[in-house]
Structure formats: C-alpha cells, structure tokens
Amino acid sequence: MTRLIGVFENNLFDLLNLIPEIYLLANVVFCLMYLSFYAGRSLHFAYFKVAFVFMQLSVFSCFLLHILNTYFWPASTLQVYLGGYLINDPFSFFFKIFISFLALLCGFISYSYYEGQNMRTYEYTLLTAFSLMSSMLLVSSYDLISFYLTMELISFCLYTLAASRFNSVYSVEAGIKYFVHGCCVSGIYVFGVALFFLMTGTTNYYNLHLHLNNFFVDLVEVTSFAEVNILELIFLAVAISSTLILPLFKIALVPYHFWVADVYEGSPLPVTAYFSIVIKVVMTASVIRILYGLFLSFLPLLKYFLLFFGLVSVIIGTLSALSEQKVKRILAFSSIGHSGYIILGLVPMKYSSLGASINYVVIYAVTNVLIFAFLLATISLKVDSLNRYVVYVSDLGLLKNTNFSLSFCFSIALLSFSGLPPFAGFFAKFYVFYELWLAGHTLSVVLMILMSFVSTYYYLRFIKCLFFSPNLRSAYLVQNDIVNKVVISLLAFFLVFYSLWAAQINLVSINVGVSVVPLHLDEHYLQYLDFIAEDKIANFVHGFRT
C-alpha cells in the first residue's frame, strides 16, 4: 500500500514543502516594496520592465524548485501536511510544474504587448505572480477550507486583472461582472461547506471521503424505503451540489458559463490568455481533485450529471461560436466546449479515462499558448501611439503575406483544436471518445464527433481569412519577435509530431490520475466503481498502488 506520512501533523518542518511558494511570495513582496519606494507615483515603462524581468526569473526559479522537489521526493509517497490542509502527491507535483511552465510562456509571449501598449503599471505582473503562487496552493489543497481560501486569493487577483485597462469601459465591465458572479458562487460554496461540517464535523477531503463512503454503503444496503433518512439525504445532495458549483463555475461548465464571453472579450489580451491557459488548467485540476479525491463514493451517481452537463457544454459552446465574429468570443465559447470534453473524460471512472482527461488538459493548454502567442504578435499597420491588435476574424485577412511560416503554425493549432489527424488534438479527443465508447456511451460519442465536425467550421474561418480573404478595414502584420517565433515554432512542432510521444504522455497522465484517488477503497462499493485498468497498463497501475 502507498505510504501516507505526516498525516495531520503540524510543525515547522511542514514549511519545507512550501519552499517554492514561500520563495515566490517573498519575491512578490520584495518587488512590491522596492518599486513602491523607488518608483512612487512615477508611471514609466522602465519600472514595469524591472518588475516583469524579476517576476519571470522568480517563476523560473520556482519552476526549477518544483522539479527538484519532485526528483528528491519518493514518487509513491503521499504527504498530508499543515494540519491536513495541503497534500503532496504526484498529482500536485505535476500540475505545479506544468502551471509554472505555462506561466513562463504566458509572460514571454505577452511582453511585446506590454511594450506596444507602453505598460506603466508594474502591479500587473505582481498580481499575475501572486495568483500563480495561490494556484500552486490550490492544486495541493486537501481541505474544503484551504480550497476556498486559495480560490479566493486567485479570484481577487483575477478580478483586478480583468479590469486593469481602466480607460476601457469593456474591461471595467468584465471585472465587475466577474466579481459579482464570483461572489455569488462563492457564497453558495460556503453554504455547502457549512452543511458538510454540520453533518460530519470535518472539512478534510480524506475524512469526508470516509464519511461519504460509509453513507453510501448504508444507502446501498437499505432494504426498504422506510429506513432511508430523507432529511439527511436532502442535506447531502444540497451540500454536494453547492460545493461543486464553485470549481465548475471557474472552468465555465454549463450552466455556469454565462460570464466567460464578456470577461474574455473585455479583458486585455494577455489577461485573456492567462485566463484561458493557466487558470483553466488550475481550475480543471481542482475539479478532478474534488471529484476523485472527495466524492469518489458518489461518482456512480454523479457521473450521469457530469455526462449531461458535459454534453450540453460541448453543444452550447460549439453552436454559440458559429455566429460570433470576434476572436476572443469565439475562443471563449470554444473553451466552454473543451471544458465539456474534459468533464466527459471523467465519466467512465477508469484510471485510463482519468488519464485521458489530464492528457486533454495538457494538449488544450499547449495549443492555446500557440494561438495566443500568434494573436499577441499580430498588430495593425495603422500608425498610432499604441499598437492595435486583432479584434475580428476578418482582421486576419491575408496575414500569410506578412509572415507565412507563423501563419502556417497558427493554422496547425486551429486544426489541432478541431481534432483533425495527425495533430495532437486528434489524439486528445480520440482517447476521450474511446473511453466513453468502452463505457457504453455510444450515442454520446456520436454526438461529440458530430460537434467536433461542426466546430471545424469556425476554425476553418480563421484559416480562410489567413490565406484567402483580404482585410477590408486595416492591414495587420505579425511582428518579428524572436521570442514569439521560437515559442510558436516549438509548440507547432509538438502538435504535429505528438504521435511520437503519445503513449508516453498518456502513461504519465495515468500515473498522475492514479495518485489522486483515495487510498481507502472499501470493498462494499468497489463493485459499483469501474476502476479496471486495461491489460496494457494493469501491471503499471498495480505497481503504483501496491
């Protein structure tokens, strides 16, 4: 059995597990104090450049610290620390490294935008780094309280970042709308946590899992309806649904998707990229942790709700994007559809299907980095004091004339999003479809394939404008930025030749997914779960679990 050490111990040695987060937080505080003292009220791009370079170096150092932490920490060891509020396991290690890497890429591809807009508020990059530190704590959260606190730390930064372009009414509207909706959802979540504490006296994931397991066993063994405690059952249903609202709202799953398009459209382009890449990955990881680390006992019931809302998300996200003309709104509705695919990968309740969802998250994030790197490098030729960026799809008209190679790479990312072979997006969707088909959800697979073909239409609109349709408003060009060119080229290479590493990446995803499942699997309800590994990975899973 996998070792569980440091359970509910609270001492100074626990802080050693938080060295990367503490280091990043210390650098944010130091940079804020230094620039506040020397810059004062002076608004100059040089101060933003100092903060940007310092924070990029801090994030890179944090990235290396997480890699070292993973290297020296036994892969089969789980450690719960700080009184059971946080956990170290392969799942948290993987996502900490991955989001640090994505944050670095987001910083690199956004610098040309900052320079073109003559960015003068250095707090912008500090808020991004602070939200990254909170995101690392979120993926390690092992308690409903720590989950809420870290989620709110992230949210406060995101509200400010969304409204950071204070001279734009759309940006201010985006920040206010995100703030109001986020506060309402947070209140519902706290109500669910209070119900759980009222019924069980704990908010720790593992303890709650044991209580829910016992309740599920008692519910299954009931012989007559008169033995069922209706009030307790209603309270539990309300608690579970209220607790799931906050993470599902953050990943924009239907019916909690109403904020996405307006917030993406109103936010500055680098903020939209950060929302769509880093925050999307973090929130998806938190959903997986809650579903499989906390509500595993009730997944045989919850999976039908996940299947329904996942399919509805794919349908609404795909069909809503068809009529849109603005690039940000198309990507926003596209992200709703991708959230549906990720959730649908969790429905079959197998280690391999859990790995398929994690694999989808990785490919989705990498593809999004390439897309936003191209958009952030594309500016208007119209002479102005500040650079203007692509707003409508038609603004991409004949961009292949200014930079054919990067336009070609951008087309690869779009085709990967649509799920066409031989690109990485095809394998991501194929793994999800295959797992659903094995689980017997044939009609769902047919519907998802149909929606994938429909989504190809609006992705091909981008390619049509890039290569065949002239821009009738104002000409745009792709800046000759060496950093963006390197990032776009390398990621395009990864998407094209993903099939060379598909098996290895899928195996790593399964390894990460296995670690999030609680160690205690009661024999009474194991028969209701479908955690059966295929022959190819049976030995691997068995070796990890024993």
Side-chain angles (χ1 to χ4, degrees), residues 251-254 276-277 280-281 284 307 310-322 324 327 330-348 352-372 374 393 408-439 441-464 466 491-503 505-506 509:
I251 67 170
L253 191 75
V254 172
S276 184
I277 299 169
K280 189 81 166 187
V281 172
T284 304
L307 178 65
L311 288 175
V312 174
S313 298
V314 172
I315 295 171
I316 290 180
T318 302
L319 298 182
S320 299
L322 292 177
E324 294 294 340
V327 174
I330 292 176
L331 294 177
F333 287 116
S334 174
S335 71
I336 296 172
H338 289 295
S339 296
Y341 288 118
I342 294 169
I343 291 298
L344 287 169
L346 304 176
V347 171
S352 54
S353 65
L354 183 54
S357 286
I358 295 174
N359 184 54
Y360 196 105
V361 172
V362 172
I363 295 175
Y364 168 80
V366 171
T367 309
N368 244 347
V369 172
L370 197 161
I371 287 177
F372 279 100
F374 182 84
V393 177
F408 182 74
C409 293
F410 182 62
S411 302
I412 290 174
L414 295 171
L415 294 176
S416 178
F417 256 168
S418 63
L420 296 180
F423 305 110
F426 167 76
F427 293 93
K429 290 186 177 181
F430 172 77
Y431 289 143
V432 174
F433 294 168
Y434 181 68
E435 294 298 332
L436 281 171
W437 178 72
L438 288 180
H441 302 288
T442 307
L443 292 178
S444 301
V445 173
V446 172
L447 182 60
M448 292 166 66
I449 293 175
L450 178 62
M451 288 297 104
S452 294
F453 279 115
V454 174
S455 68
T456 305
Y457 167 75
Y458 55 80
Y459 291 126
L460 289 178
R461 281 171 53 199
F462 285 89
I463 299 176
K464 174 178 176 290
L466 277 173
L491 295 183
F493 178 84
F494 171 80
L495 295 179
V496 172
F497 296 99
Y498 172 83
S499 58
L500 300 177
W501 312 286
I505 295 176
N506 192 36
S509 301

Any idea which heavy atoms bring T284 and I251 closest together, and the distance? N-CG2, 3.6 Å

What do you reckon, is CH2 of W501 surrounded by more than 12 foreign heavy atoms closer than 6.0 Å? yes

Quick one: CG on L447 to CG on L436, what's the gap to the nearest 0.5 Å? 11.0 Å

Here the pair of heavy atoms bringing Y458 nearest to G317 is OH-O, 4.5 Å

Any side-chain donor near an acceptor of the partner, S452 and Y341, under 3.5 Å: yes

The test is side chain to side chain contact (heavy atoms under 4.5 Å, CB included); show your working for C409 and F374 and say whether it passes. CA-CA 9 Å; C409 293; F374 182 84; over 6 Å; no

Give a yes or no answer on whether the side chain of S335 reaches the backbone of A332 with a donor-acceptor pair at less than 3.5 Å. yes

With a 4.5 Å heavy-atom cut-off, do F423 and T367 have their side chains touching? no

So I336 and S320, side chain to side chain contact (heavy atoms under 4.5 Å, CB included) or not? Walk me through it. CA-CA 10 Å; I336 296 172; S320 299; over 6 Å; no

What are the two closest non-hydrogen atoms of M451 and I315, and how far apart are they? SD-CA, 3.9 Å

Between the main-chain N or O of V254 and the side-chain N or O of S313, is there a donor-acceptor pair closer than 3.5 Å? yes

Considering all heavy atoms of both residues, which atom of S411 and which atom of L466 are nearest to each other, and what is their separation? OG-CD1, 3.8 Å

Nearest heavy-atom approach of S509 to G355 is CB-O, 3.2 Å

Those residues that, when tested against A428, pass side chain to side chain contact (heavy atoms under 4.5 Å, CB included) (two or more places apart): Y360, I363

For F493, all residues meeting ring-ring contact (aromatic ring centres under 6.0 Å, His included), sequence neighbours excluded: F497

Flag yes if more than 12 heavy atoms outside L500 fall under 6.0 Å of its CG atom; otherwise flag no. yes

Quick one: CZ on F430 to CD on E435, what's the gap to the nearest 0.5 Å? 9.5 Å

Please answer whether the main-chain N or O of A413 pairs with a side-chain N or O of S416 as donor and acceptor at a distance below 3.5 Å. no

Pairwise distance OG(S276) to CD1(I371) - rounded to 0.5 angstrom: 8.0 Å

Kindly compute the distance separating CD1 (I505) from CD1 (I358), expressed to the nearest 0.5 Å. 13.0 Å

Y459 vs S334, test: side chain to side chain donor-acceptor pair (under 3.5 Å). Steps then yes/no. CA-CA 10 Å; Y459 291 126; S334 174; 2.4 Å; yes

Looking at T456 and L420, what are the two nearest heavy atoms and their distance? CG2-CD1, 4.4 Å

Hey, what do you get for CG (L344) to OG (S353), rounding to the nearest 0.5 Å? 11.0 Å

If we check side-chain contact (heavy atoms from CB on, under 4.5 Å) with L307, which of these qualifies: I343, V312, V347? V347

In sequence, state the C-alpha distance, the side-chain angles, and the governing distance for N368 and F417, and then conclude on side chain to side chain contact (heavy atoms under 4.5 Å, CB included). CA-CA 9 Å; N368 244 347; F417 256 168; 3.7 Å; yes

F426 and Y498: CA distance, side-chain angles, deciding distance, side chain to side chain contact (heavy atoms under 4.5 Å, CB included) verdict: CA-CA 10 Å; F426 167 76; Y498 172 83; over 6 Å; no

Check: F462 and I330 side chains under 4.5 Å, non-hydrogen atoms: yes

Interatomic spacing from CD1 in I449 to OG in S444 - rounded to 0.5 Å: 11.0 Å

State, with a plain yes or no, whether a side-chain heavy atom of P422 is found less than 4.5 Å away from one of V496. no

Does any part of the side chain of I463, heavy atoms only, come nearer than 4.5 Å to the side chain of L415, both counted from C-beta? yes

Do V432 and M448 have side chains that get closer than 4.5 Å, going by heavy atoms? yes

